[in-house]
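Following: one structure in structure tokens, then a few remarks.
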Amino acid sequence: MNLTLRIWRQSGPEDPGAMHEYQIRGISEESSFLEMLDVLNEELFARGEEPIAFDSDCREGICGQCGLVIDGIAHGPEVTTTCQLHMRSFHDGDTITIEPWRAEAFPVIKDLVVNRSALDRIIQAGGYISVNTGAAPEAHSTPVPKQDSDKAFTAAACIGCGACVAACPNASAMLFTAAKVTHLHLLPQGQPENLPRVVNMLNQMDEEGFGTCTNVGECSAVCPKQIPLDVIATLNRQLGKAAFQGV
Ligand code: SF4
Ligand code: FES
């Protein structure tokens with residue numbers, strides 16, 4: 001495949017940045033999107049030009065490290081992570097536009113790499129269960145209804161990639177936060193800290209500069225783990241309960 005790539009280049013946080021155009025030839029449709037960028041970087045390196053900075057780690061759809069806006073869609077035309085997107089989703093002669101996640105809370109570090117530590121700080125505000133020291137309790141001593149454990153597992157699949165934020169017109173982190181809240185709220189172990197968790201995580205979300213959820217649904221549509229929108233309803237119910245109880 002021969003392709004034209006329009007790629008966002010930005011040397012650092014203070015640089016205004018701009019789109020740059022590159023031609024690339026002979027890309028296999030079996031290669032992944034990131035392998036295609038690796039080939040481009042090898043060519044740039046050989047020409048003595050600065051390679052394009054982009055994030056990745058596992059390249060198996062597990063870690064949540066990769067993330068590009070491809071032709072205006074977070075993670076590109078397939079509902080998967082950028083690292084699991086393959087060039088067979090494109091056609092010979094295509095022009096592909098590649099940008100970083102766009103959100104005030106995700107400042108660009110360089111080129112296509114953004115700082116997503118705001119999501120870590122939301123987790124630090126309450127996305128955990130405090131564990132007392134001692135031996136692990138016998139697993140069957142805490143029964144969990146099957147439908148609750150299934151929903152908790154679905155919510156726990158969130159890998160923290162931030163595509164939901166990039167896709168949302170308000171740059172809201174509501175789907176991410178609601179996935180964490182729902183995962184913990186549905187388990188008996190998560191109940192004691194449930195309401196303070198909701199309030200603290202949402203306060204942190206606001207503090208980081210993420211927008212408000214207006215139920216557009218773009219977040220769930222691009223989510224590589226298909227976190228359903230109803231986790232947001234779960235979070236809102238818990239928030240209502242917290243307000244009623246004065247938490
Ligand atoms: S909810 Fe989905 S899109 Fe958002 S961070 Fe989690 S896995 Fe990524
Ligand atoms: S690099 Fe780990 S999910 Fe894409």
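One-based numbering, in listed order, for ligands and for the atoms of each.
- Here 1 is the count of protein N, O or S atoms positioned under 2.8 Å from atom 2 (Fe) of ligand 1, waters not counted.
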Evaluate side-chain contact (heavy atoms from CB on, under 4.5 Å) for Leu34 paired with Leu68, printing each intermediate quantity in order. CA-CA 10 Å; Leu34 297 187; Leu68 302 172; 4.2 Å; yes
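- Annotation: the span from Arg9 atom CZ to Asp111 atom CG amounts to 4.0 Å, rounded to 0.5 Å.
- Of all the atoms in ligand 1, the ones that sit under 4.0 Å from a non-hydrogen atom of Gly162 are 5 (S), 8 (Fe).
- Side-chain polar atoms of Asn170 and Thr214 form a donor-acceptor pair below 3.5 angstrom.
- A distance of 11.5 Å separates CD in Glu42 from CG in Leu37, rounded to the nearest 0.5 Å.
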List the steps, then state whether salt bridge (charged side-chain N to carboxylate O under 4.0 Å, His left out) holds for Asp230 with Arg237. CA-CA 11 Å; Asp230 65 11; Arg237 275 196 297 276; over 6 Å; no
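- In this structure, a donor-acceptor pair under 3.5 Å is present between the side chains of Asn115 and Ser117.
- In the hydrophobic clustering of ILVMFWY residues, with side-chain heavy atoms under 4.5 Å counting as a link, Leu3 and Phe54 come out together.
- A donor-acceptor pair under 3.5 Å links the side-chain atoms of Arg197 to the main chain of Gly190, judged by distance alone.
- Under the 3.5 Å distance criterion, the side-chain polar atoms of Glu60 are left unmatched by any main-chain donor or acceptor of Ile62.
- Arg116 has a carboxylate O that lies under 4.0 Å from a charged side-chain N of Asp55, or vice versa, which qualifies the two as a salt bridge.
- The tally of protein N/O/S atoms under 2.8 Å from atom 2 (Fe) of ligand 2 stands at 2.
- Proximity to Gly160 (heavy-atom distance under 4.0 Å) selects the following atoms of ligand 1: 5 (S), 6 (Fe).
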